[in-house]
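One structure below.
Everything numeric in this text was worked out from a predicted model, so none of it was measured.
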Amino acid sequence: MGKRAGGRRTGPKCIAIIGPFASGKSTLLEAILARTGAIARQNSISSGSTVSDFSPEARAHAMSVEATFATTEFMGESMTFVDCPGSVEFAFETEPVLAASDIAIVVAEPDEKKIPALQLIMRKLDELGVPRMLFLNKMDKAEGGVRETLKLLQPTSSSPLLLRQIPLRKNGIVIGSIDLALERAYIYREHAESEIADIPGDEKAREIEARFSMLETLADHDDALMEQLLEEIEPPKDTIFDDLAADLRDGKVTPVLIGSAEKGNGVLRLLKAIRHDAPNVEVTRQRLGAPDDGQTIAQVMKTVHTPHGGKLSVARILSGTVADGAELFLPGGASVKVSGLYRMFGKDQTKQPSAESGETVALGKLDNVRTGQTLSSARSGLEPLAILDPPPPVFSFSMRPKERKDDVRMSAAIQRLSEEDPSLSLRHRQDSSETVLSGHGEMHLRVSVERLEGKYQIAVDARAPAVPYRETIRKGVQQRGRHKKQSGGHGQFGDVVLDIKPLPRGTGFQFSDTITGGVVPKTYIQSVETGIRDYLRNGPLGFPVVDVAVNLSDGSYHTVDSSDMAFQMAAKLAMKEGMVACSPVLLEPIMKVEIFTPSDATARITGIVPQHRGQILGYNPRPDWPGWDVVEATMPQAEIDSLIVDLRSATAGVASYQANFDHMAELTGRLADDVMSANGKAA
């Protein structure tokens with residue numbers, strides 16, 4: 001390596017494998033592990049026996065649902081590969097992994113439908129400043145030219161997609177590749193090392209043109225190389241590799257390599273490119289802004305609760321050494337003690353005595369440690385080097401154990417799920433007495449429920465959360481309520497006259513009194529208000545009452561038999577009889593919704609919104625998101641639970657939304673009847 005790259009970056013590396021759903025990430029990991037000798041042979045996804053498919057949920061849905069770590073050796077160097085889920089519903093799983101990784105291998109394919117998903121991934125890499133290579137997979141099935149494919153994919157990337165290899169074809173079929181830096185051809189052999197060959201004569205012109213294009217891009221950041229090209233001087237290969245490594249590290253280019261993960265083609269060239277060009281932990285530490293003062297620093301990438309080994313915190317050692325039994329410190333100075341240190345390989349762990357800077361290992365039984373935290377040997381601890389900010393949830397389940405005895409166990413199990421997946425959120429709704437689990441899609445929560453039932457043996461009922469319907473009145477009435485009871489000794493007596501009136505929407509509840517002459521003693525006026533508020537929790541339609549004013553205008557009392565409880569009962573009687581005569585009406589919450597969608601799907605989205613009783617307010621280009629729109633609408637909360645399913649179906653799984661309460665609106669007719677019937681009230 002030359003001066004620009006500062007020499008080849010040695011030491012243990014951590015490489016995230018990311019890409020759109022079904023692009024071939026898990027297959028690539030299998031091919032890498034087979035090529036490095038970590039597994040005897042490459043297994044297929046369909047066999048359900050790959051390193052990534054170790055969880056029942058992953059096998060059941062034929063998709064990765066969590067990050068999988070596998071450490072292997074290549075040419076004497078340790079590399080930990082992390083297979084990250086491709087579905088947008090599990091995308092947050094990737095963020096803490098990317099933060100501490102040296103490089104990301106973005107697995108893409110020549111498929112126009114997956115461009116929006118690829119754009120989401122590339123934007124996240126830009127936000128985190130992570131260097132990346134692009135592995136153009138499934139080239140054996142590609143129909144168009146590779147440069148045409150790059151033109152299609154370039155809008156997803158903020159840096160130039162730099163083609164390092166071009167396909168070598170025979171009778172229209174890809175049989176190998178030509179390395180533009182080495183000027184050498186490689187003939188693919190399935191699940192074996194490619195055969196080195198001379199570049200065929202009829203491919204030489206195409207290779208020269210593609211190579212010059214690569215060098216032109218590199219010369220944008222190297223004046224000496226630019227001068228050589230202008231003077232038609234052949235640059236030394238060391239200079240080319242130096243520029244490739246430096247521009248990759250600095251995020252100025254995204255090198256593109258090609259192959260077929262399923263057949264193991266192009267995998268060795270990818271591994272060599274990683275070994276020679278990828279930055280190491282020193283560069284990653286600088287990117288994260290970690291102090292370089294000799295202290296031990298570990299960045300937690302994932303939390304795993306194992307059936308027998310307890311809690312494991314998978315961490316990247318950014319500096320120093322961590323040994324079994326070591327004491328580390330959290331932000332604020334709280335200490336934790338490492339109890340077991342393991343090398344990860346899918347579901348398997350191998351115990352080791354210590355880990356050096358650059359290694360990715362699992363630290364045992366750090367009970368108070370969460371994903372995304374930074375551990376340090378400094379007693380004051382370190383603030384997190386990477387700030388994790390989960391996107392707003394878009395789908396929710398109301399959770400209830402089928403067996404009442406499992407209530408406490410369910411809460412504890414969900415807490416563990418939330419530690420493993422910080423993008424899950426749990427809350428208890430006081431108004432409906434529901435435990436609500438929220439996440440990033442139907443599949444996301446379905447997998448969580450399956451883990452509760454499979455991993456923790458807790459059967460649950462999961463259903464849509466209750467909608468917070470309310471009711472109000474359309475007209476006012478004056479109503480007397482008298483509670484009188486004689487049962488020996490002191491009786492009960494309370495007598496009130498209430499003026500009940502509607503209020504403007506959103507006002508809430510107002511209580512007043514215009515009592516004169518002490519007909520209702522001040523001692524009992526508060527009791528009247530208490531009785532009214534108690535009644536309003538469940539109005540004549542069966543829902544809490546809002547936007548109502550009640551005035552206590554008259555009444556009477558008994559010096560012996562009147563009491564706090566008697567006036568509460570009198571107020572409830574007046575409300576019960578009066579509210580029925582006030583033309584009660586059901587209210588439903590209306591949400592303001594912003595839908596984020598690729599522009600080519602906007603028309604489909606504007607057709608979906610009315611199907612959910614929504615009203616389109618307009619749509620505009622999404623700021624700083626080329627090719628995306630924001631559709632604004634209002635929509636009943638009752639319709640939002642299923643919205644994300646339709647949005648994702650219409651956009652190849654990439655659309656999302658944000659919703660906030662806007663106002664309450666009257667609900668009448670059959671829909672209101674259905675709501676009241678479901679709530680146990682006669683329609």
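Judged by distance alone, with hydrogens and angles left aside, the side-chain atoms of R409 form a donor-acceptor pair with the main-chain N or O of Y456 at under 3.5 Å. Within the 3.5 Å criterion, the main-chain N or O of G310 finds a donor-acceptor partner in the side chain of T306. Without hydrogens or angle criteria, E453 side chain to E450 main chain gives no donor-acceptor distance under 3.5 Å. Side-chain atoms of E93 come within 3.5 Å of backbone atoms of A67 as a donor-acceptor pair (strictly under, hydrogens ignored). Side chain of Q658 to main chain of V593: no donor-acceptor pair is present (N/O by atom type, distance under 3.5 Å, no hydrogens or angles). A donor-acceptor contact shorter than 3.5 Å links the side chain of Q42 to the backbone of A261. Side-chain atoms of T296 never come within 3.5 Å of backbone atoms of G320 as a donor-acceptor pair (strictly under, hydrogens ignored). Proximity of a side-chain donor or acceptor of N137 to a complementary backbone N or O of V107 within less than 3.5 Å is not detected. In this structure, the side chain of Q299 engages the main chain of G372 through a donor-acceptor pair within 3.5 Å. Between the S438 side chain and the P393 main chain, no donor and acceptor come within less than 3.5 Å of each other.
Of the candidates V281, D277, V283, P279 forms a side chain to side chain contact (heavy atoms under 4.5 Å, CB included) with just one, namely V283. Evaluated for a side chain to side chain contact (heavy atoms under 4.5 Å, CB included) with V460, the options I414, L452, T435 yield exactly one hit, L452. Checking R429, E434, R463 one by one against S398, the side chain to side chain donor-acceptor pair (under 3.5 Å) holds for a single residue, E434. Under the side chain to side chain contact (heavy atoms under 4.5 Å, CB included) rule, F81 has a single partner from L29, T36, T68, which is L29.
In this structure, F329 CZ and S376 OG are separated by 8.5 Å, a value rounded to the nearest 0.5 Å. The distance from the CG atom of N679 to the CZ atom of F543 is 3.5 Å, given to the nearest 0.5 Å. To the nearest 0.5 Å, atoms CE (M591) and CG (N660) are separated by 6.5 Å. The distance from the NZ atom of K272 to the CE atom of M75 is 5.5 Å, given to the nearest 0.5 Å. Here CG of L385 is found 6.5 Å from CD1 of I297. Values are rounded to the nearest 0.5 Å. For the atom pair E95 CD and C84 SG, the distance stands at 11.0 Å (nearest 0.5 Å).
Ion pair K455/E57 not flagged as a salt bridge, since none of the NZ, NE, NH1 or NH2 atoms sits closer than 4.0 Å to an Asp/Glu carboxylate oxygen. A salt bridge links E127 with K124; the closest basic N to acidic carboxylate O contact falls under 4.0 Å. Ion pairing between K13 and E77 holds under the 4.0 Å rule for side-chain N and carboxylate O. No salt bridge links D126 with R123; every basic N to acidic carboxylate O contact stays at or beyond 4.0 Å. Using a cutoff of 4.0 Å between basic side-chain nitrogens and carboxylate oxygens, K302 and E420 are not scored as salt-bridged. Note on E89 versus R648: salt bridge recorded, some NZ/NE/NH1/NH2 to OD/OE distance being below 4.0 Å. A salt bridge is defined here as a Lys NZ or Arg NE, NH1 or NH2 lying under 4.0 Å from an Asp or Glu carboxylate O, and D102 with R316 meets this definition. Using a cutoff of 4.0 Å between basic side-chain nitrogens and carboxylate oxygens, E262 and K25 are not scored as salt-bridged.
Minimum interatomic distance between T374 and P331 (heavy atoms only, all atoms of both residues): O-CD, 3.9 Å. Contact between L445 and L437 at its shortest, heavy atoms only, is CD1-O, 3.4 Å. Minimum heavy-atom separation, S101 to M301: OG-CE, 4.1 Å. Closest non-hydrogen pair, D83 versus S64, comes out as OD2-OG, 3.5 Å. V369 and K311 get closest at one heavy-atom pair: O-NZ, 2.6 Å. Summarising the geometry of H61 relative to V447, their closest heavy-atom pair is CD2-CG2, 4.0 Å, with the distance given to 0.1 Å.
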Passes side-chain contact (heavy atoms from CB on, under 4.5 Å), D292 versus Q286? Steps please. CA-CA 8 Å; D292 189 13; Q286 294 168 8; over 6 Å; no
Please assess T303 against S313 for the test side chain to side chain donor-acceptor pair (under 3.5 Å), listing each intermediate value before the final yes or no. CA-CA 5 Å; T303 301; S313 300; 4.8 Å; no
Going through the checks in order, is the side-chain contact (heavy atoms from CB on, under 4.5 Å) test met by L28 and F135? CA-CA 9 Å; L28 178 60; F135 182 74; 4.1 Å; yes
Is there a side-chain contact (heavy atoms from CB on, under 4.5 Å) between V314 and T371 once you walk through the steps? CA-CA 8 Å; V314 185; T371 299; over 6 Å; no
For a side-chain contact (heavy atoms from CB on, under 4.5 Å) check, start with the C-alpha distance between S357 and T321, then their side-chain angles and the critical distance, and finish with the verdict. CA-CA 6 Å; S357 178; T321 301; over 6 Å; no
T254 and S159: CA distance, side-chain angles, deciding distance, side chain to side chain donor-acceptor pair (under 3.5 Å) verdict: CA-CA 6 Å; T254 298; S159 60; 2.7 Å; yes
Could you walk me through whether W625 and Q119 pass side chain to side chain donor-acceptor pair (under 3.5 Å), step by step? CA-CA 9 Å; W625 281 70; Q119 186 178 9; over 6 Å; no
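Aromatic rings of H440 and F92 (six-membered ring for Trp) have centroids beyond the 6.0 Å cut-off, not under it.
Residues R446 and V449 form no side-chain contact, since every pair of their non-hydrogen atoms from C-beta on lies 4.5 Å or further apart. In this structure, H444 and F395 have side chains that are not in contact, with every pair of non-hydrogen atoms separated by 4.5 Å or more. At least one side-chain heavy atom of P85 sits less than 4.5 Å from a side-chain heavy atom of T94. You'll find the side chain of L366 reaches within 4.5 Å of the side chain of L375, heavy atoms only. At a threshold of 4.5 Å between non-hydrogen side-chain atoms, the residues D641 and P465 count as touching. Using a 4.5 Å heavy-atom threshold, the side chains of I103 and M133 count as touching. Using a 4.5 Å heavy-atom threshold, the side chains of L643 and Y657 count as touching. M63 has its side chain within reach of V65: a pair of non-hydrogen atoms, C-beta onward, lies under 4.5 Å apart.
Counted by atom type alone, T597 and T651 present zero donor-acceptor pairs between their side chains at under 3.5 Å. With no hydrogens or angles considered, no side-chain donor-acceptor pair links E109 and S23 at under 3.5 Å.
Counting heavy-atom neighbours within 6.0 Å of D293 CG, excluding the residue itself, gives a total above 12. When the shell of 6.0 Å around CZ of R400 is examined, it contains 12 or fewer heavy atoms from other residues, nucleotides or ligands. Applying the 6.0 Å contact sphere to CZ of R370 captures no more than 12 heavy atoms from other residues, nucleotides or ligands.
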